[in-house]
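Step one of this worksheet: look at the structure below.
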Amino acid sequence: MLVVDGRLEVVGPSISDRSGLRKYEYLRFRDPSGKDALIKDVMALELVASYLVPDITGRFIFGDRGMIKLIAMKIGDKVVDDCDKWREEKKAGFLAAAIITGLPFAVGLGAALFKNGVIFFMAVLFALPAWLWAFFVIFVPHLKYAIPAQSEIDQALGQE
């Protein structure tokens, strides 16, 4: 988890998708001592993204494992938090990755157990490479995109 205290100086160009995810090329902050911090390739969901305008001052909480995600911020006494939605996104992605990677494996395993040589050969020939690709490209990277625990976020925002 990365915590930035200070003023949001510049909001770089961004694009959004249909699910409400917005990706910023960069965000530039100035801390109270006058030092600048540039954070590149930041992702934010709708609620937090709606507050990202230049010249706001506060505490910004980023998830920094895997993709850099702006997950919460405190502006004055107002706390803006997309943690639950990030966790829902992670669960949905995990389920999709498990289905994509598990289905070809289950077909191949079933064919092997029931000694159906044609299905087993087809599973090995077509499904196994697809499963290996999906496992390493989708499933494994998805595991490292952790969202900090709510207690850690609350502590960083000074709510405990």
Side-chain angles (χ1 to χ4, degrees), residues 1-106 127-160:
M1 182 167 61
L2 173 66
V3 179
V4 176
D5 286 313
R7 190 169 124 214
L8 179 60
E9 294 280 316
V10 178
V11 177
S14 66
I15 56 171
S16 65
D17 63 14
R18 286 185 243 163
S19 69
L21 181 68
R22 183 168 286 277
K23 183 175 181 184
Y24 295 90
E25 283 187 30
Y26 60 89
L27 300 174
R28 191 179 75 206
F29 297 90
R30 177 160 292 158
D31 70 12
S33 69
K35 285 179 39 180
D36 285 339
L38 183 69
I39 302 175
K40 294 182 178 182
D41 297 324
V42 177
M43 310 204 53
L45 292 174
E46 292 172 319
L47 180 62
V48 169
S50 69
Y51 284 86
L52 283 179
V53 293
D55 297 326
I56 58 171
T57 300
R59 176 169 274 195
F60 303 85
I61 311 297
F62 295 87
D64 60 350
R65 286 186 61 199
M67 300 179 292
I68 297 177
K69 302 168 287 294
L70 179 56
I71 52 179
M73 60 183 156
K74 185 174 185 179
I75 305 163
D77 290 335
K78 183 169 187 64
V79 173
V80 182
D81 179 338
D82 269 335
C83 299
D84 290 337
K85 195 158 182 182
W86 276 114
R87 287 189 183 90
E88 288 173 21
E89 293 274 330
K90 183 171 172 62
K91 285 178 188 174
F94 185 81
L95 180 61
I99 290 169
I100 289 169
T101 59
L103 194 57
F105 182 74
L128 189 60
W131 178 80
L132 288 171
W133 175 84
F135 183 78
F136 288 107
V137 173
I138 297 172
F139 192 69
V140 172
H142 188 75
L143 294 176
K144 70 179 182 180
Y145 299 142
I147 305 297
Q150 190 65 46
S151 60
E152 291 178 79
I153 294 166
D154 290 343
Q155 184 178 12
L157 291 171
Q159 292 184 304
E160 285 191 308

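Note that the structure is predicted; figures quoted are calculated from it, not measured.
In this structure, V80 and L47 have side chains that are in contact, with non-hydrogen atoms separated by less than 4.5 Å. Using a 4.5 Å heavy-atom cutoff, the side chains of L27 and V4 are not in contact. Put simply, the side chain of L70 does not reach to within 4.5 Å of the side chain of I39, judged on heavy atoms.
Note that OH of Y51 and CD1 of I56 are 10.0 Å apart. Values are rounded to the nearest 0.5 Å. Put simply, CG on L21 and OG on S14 are 10.5 Å apart, with the number rounded to the nearest 0.5 Å. Within the model, atoms CG of L8 and CE of M73 stand 8.5 Å from one another, a figure rounded to the nearest 0.5 Å. Atom CG of D17 sits about 11.0 Å away from atom NZ of K23, to the nearest 0.5 Å. Between the CD1 atom in I71 and the CZ atom in F60 there is a gap of 13.5 Å [rounded to 0.5 Å]. For the atom pair CD (E9) and CZ (F29), the distance works out to 10.0 Å, reported to the nearest 0.5 Å.
Pairing each heavy atom of V48 with each of D82, the nearest pair is N-OD2, 3.0 Å. Residue G12 comes nearest to Y24 through the heavy atom pair O-CD2, 3.8 Å, listed as atom of the first residue, atom of the second, then distance. Here the closest heavy-atom approach between residue A44 and residue A49 is recorded as CB-CB, 4.1 Å. Taking all atoms of both residues into account, the shortest heavy-atom contact from V3 to A156 is CG2-CB, 3.9 Å.
Judged by distance alone, the side chain of R28 and the main-chain N or O of D36 form no donor-acceptor pair under 3.5 Å.
Scanning for salt bridge (Lys or Arg N to Asp or Glu O under 4.0 Å) contacts around D55 gives R7, with sequence neighbours left out.
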